[in-house]
Amino acid sequence: MPSVLDQRPAPTTAGPPTAPPRRRTRVLALPEARWALAALVLFLAALPLDLLGAPAWLWAPLYAATYVTGGWEPGWEGLKALRDKTLDVDLLMVVAALGAAAIGQVLDGALLIVIFATSGALEAVATARTADSVRGLLDLAPATANRLLADGGEENVPADALAIGDIILVRPGERVGADGEVIDGASDIDQATITGEPLPVAKHAGDEVFAGTVNGTGALRVRVGRSPSDSVIARIVKMVEEASGTKAPTQLFIEKVEQRYSIGMALTTLAVFAIPLALGDELRPALLRAMTFMIVASPCAVVLSTMPPLLSAIANAGRHGVLAKSAVVMERLSQVDAVALDKTGTLTEGTPRVTDIRPAAGSGLDEDGLLALTAAAELQSEHPLARAVVGAARERGLPLAEAAGFSSAPGAGVTAVVDGRTVQVGSPSRLSYTDADADSDADAGADAYADADGDGDGDGDGDGSKTARTVRELQDQGRTAVVVLCDGVPAGVLGISDRLRPDAKATVAALTELTGRSPVLLTGDNERAARRLAAEIGITDVRAGLLPQDKVAAVRHWESEGRRVLVVGDGVNDAPALAAAHTGIAMGRAGSDLALETADAVVVRDELATVPAVVELSRRARRLVVQNLVIAGIFITALVAWDLIGTLPLPLGVAGHEGSTVIVGLNGLRLLRDTAWPRSGEETETTGGRLP
């Protein structure tokens, strides 16, 4: 008997929920972006005038303005760091630019300022985008809720005004206003944002629901169990903010020794100038020697040793569908030694599909007939399983008959009259049936198959029902079984599943080879489905039924053991783990905004095989970095020794310095070639490429 709650008229907001509005900070609202843009415009205005030989009074003020607009903020930050007895890289870059201008290299200094300001602006934009997504996550939870009063009435109140123990009414199509327990009604709840489960979950009295999840076709009375500030959605926001804030500041390889090197170079430059001057040398030769030393000892080639290989790797990865958000990300990818994978939307496609069509013997239907009959009955349903059935029928080009008398029972299924026959489609635990081909008393008595989760302990055990056995067989394979009755007699069973990505098994094998250990499966889905999928692709360590905080706890545990964990996921529930991990990669096609912004890299084309490929590419980039550092070290050592021991002409010092910079730069650009992209097993078969 349907609940009285179902008789209330559906609100105008019923139906599929609209996506929450995006809260995006405008780029030019950030001061770093405005100053960087101003510096770039001024530089582009001065450059042609300088190169075409225009009078200095035309281009010199433009260059000076470039130095001011692009350099004042990092310079000021550097001075504040110097006050704290730290030689900041910001100040060093500004000093290097001013030093270049002091010896006539005005253009070079201005270019350095523009590049540095642009880099700071990009970092500020990335930070703002992450903050936008964290704030936008709060839009998943509704602003208001319908609170039921003691006299039977109801009032619409702000969701944050709800208190533990309040009773709220959640109508069809609405988002649940608070975490709590269902006390009346039945419905299907889409809680993918919290648990990552691919299909809606049937909810009845006594079941827990979460704020921000989407109600299906039934109405629910929910007793509030947590204050809004302590809801799962609120805790996800808090975990992402904390993980992003406490994640150790990342530095490129060369920056780990930059502080000491910079201090040493600055002190040595002063010594090279002051000592000869104190010994009686003239001011100009002493200044010239010191400036030459500063040029040849400056870490330009060392810095370029790092950036071109990493930036080339970023560009190459981008061409192959992986967006790495910074050079730091590319370096961190090269260090991972453990991988944790989400299930739904990562290892699987994230969309339910019909995988099995099993007509009942004696029903007179073949596969197409059973599918067409089921799709006709499901055509008016909005349930994801119904859409999967209708989609499968349309893919086969099957004509669908008109259905009359359509009705839907939350958590059970649908009923409709198709071609004069009453067709029921729904959960095997909710439909009563007797096999038409029963050949024994046991078969005749097989009804109400109640083993919905396929664990073998339900009423269907040993009852001899062929339909029940088919249901068990499909559930043992990790499928969701849907029973189809025609005039009360089983017509067949459909198996529906979230299809495994075709490259999942090869990806797991490649990641195992790269890291030396098998990836771990972290999922909010049920244990049975998770273990079946894991066994199919070669994963042995399975953590199922996890909430977002459980995933974060697992990642932090591995990090505390010294592992550098790569997390690959796609949903809101994965975002805290993506933020807490050493490196996070989000699947782009169906990835939530929060996951895409929180992750360090995004698989834009949704090809899972690119994950091990980009890890291997990052390791190649790291090897090139080491090569470049050796080359740069040889040049710097030789030129510095020449300047200190002998007399190194300034033009020759500049040529040597720039030459080493060009060499390491060109060496790093090797990763721009398509042949530098590691080929997966599937690509090897189709393109003739080689395995990494």
Side-chain angles (χ1 to χ4, degrees), residues 199 352-381 383-403 405-409 412-440 442-454 458-461 463-499:
L199 301 175
R353 296 177 181 271
V354 175
T355 57
D356 301 85
I357 305 173
R358 306 282 185 87
S363 66
L365 298 172
D366 58 9
E367 288 190 4
D368 284 353
L370 176 61
L371 182 60
L373 183 71
T374 309
E378 293 271 31
L379 187 59
Q380 300 178 54
S381 174
H383 196 284
L385 293 183
R387 292 197 293 268
V389 172
V390 174
R394 286 175 172 165
E395 285 179 5
R396 295 192 178 201
L398 302 178
L400 303 184
E402 285 287 332
F406 174 85
S407 64
S408 174
V414 304
T415 301
V417 178
V418 181
D419 290 336
R421 295 178 292 180
T422 300
V423 179
Q424 294 173 275
V425 184
S427 165
S429 65
R430 298 290 170 180
L431 297 181
S432 296
Y433 56 85
T434 300
D435 278 340
D437 61 339
D439 53 12
S440 68
D443 283 332
D447 61 359
Y449 177 80
D451 191 16
D453 62 358
D459 293 343
D461 243 5
D463 60 13
S465 167
K466 293 181 175 60
T467 300
R469 288 197 296 270
T470 301
V471 168
R472 276 201 303 273
E473 180 184 340
L474 291 175
Q475 291 176 331
D476 286 342
Q477 296 172 3
R479 312 282 197 257
T480 296
V482 176
V483 173
V484 183
L485 306 183
C486 190
D487 293 328
V489 177
V493 182
L494 301 183
I496 300 178
S497 177
D498 183 10
R499 192 161 60 185

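Computed from a predicted model, the values in this text were never measured in an experiment.
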Work out which heavy atom in [X] is nearest to a heavy atom in [Y]; give both atom names and the distance.
X      : Y      : result
Val471 : Pro428 : CG1-CG, 3.9 Å
Ser497 : Arg479 : CB-CD, 3.7 Å
Ala403 : Gln380 : O-NE2, 3.7 Å
Pro359 : Leu365 : CB-O, 3.3 Å

Tell me every residue that passes side-chain hydrogen bond (donor to acceptor under 3.5 Å, both in side chains) with Ser363, counting only those two or more places apart in sequence or in another chain.
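Result, side-chain hydrogen bond (donor to acceptor under 3.5 Å, both in side chains) vs Ser363: none returned.
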Residues forming a side-chain hydrogen bond (donor to acceptor under 3.5 Å, both in side chains) with Arg421, sequence neighbours excluded
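side-chain hydrogen bond (donor to acceptor under 3.5 Å, both in side chains) check on Arg421 returns nothing, list empty.
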Inter-residue atom distance Glu367.CD - Asp356.CG, 0.5 Å rounding
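Here the interatomic distance stands at 9.0 Å.
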Are [X] and [Y] close enough that some pair of their side-chain heavy atoms sits under 4.5 Å apart?
X      : Y      : answer
Val493 : Glu473 : no
Val484 : Val423 : yes
Leu474 : Thr355 : no
Pro352 : Asp498 : no

Could you walk me through whether Leu370 and Leu494 pass the side chain to side chain contact (heavy atoms under 4.5 Å, CB included) test, one step at a time?
CA-CA 9 Å; Leu370 176 61; Leu494 301 183; 4.0 Å; yes
I'd like to know whether CZ of Arg396 has more than 12 heavy-atom contacts from other residues, nucleotides or ligands below 6.0 angstrom.
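More than 12 within 6.0 Å, yes.
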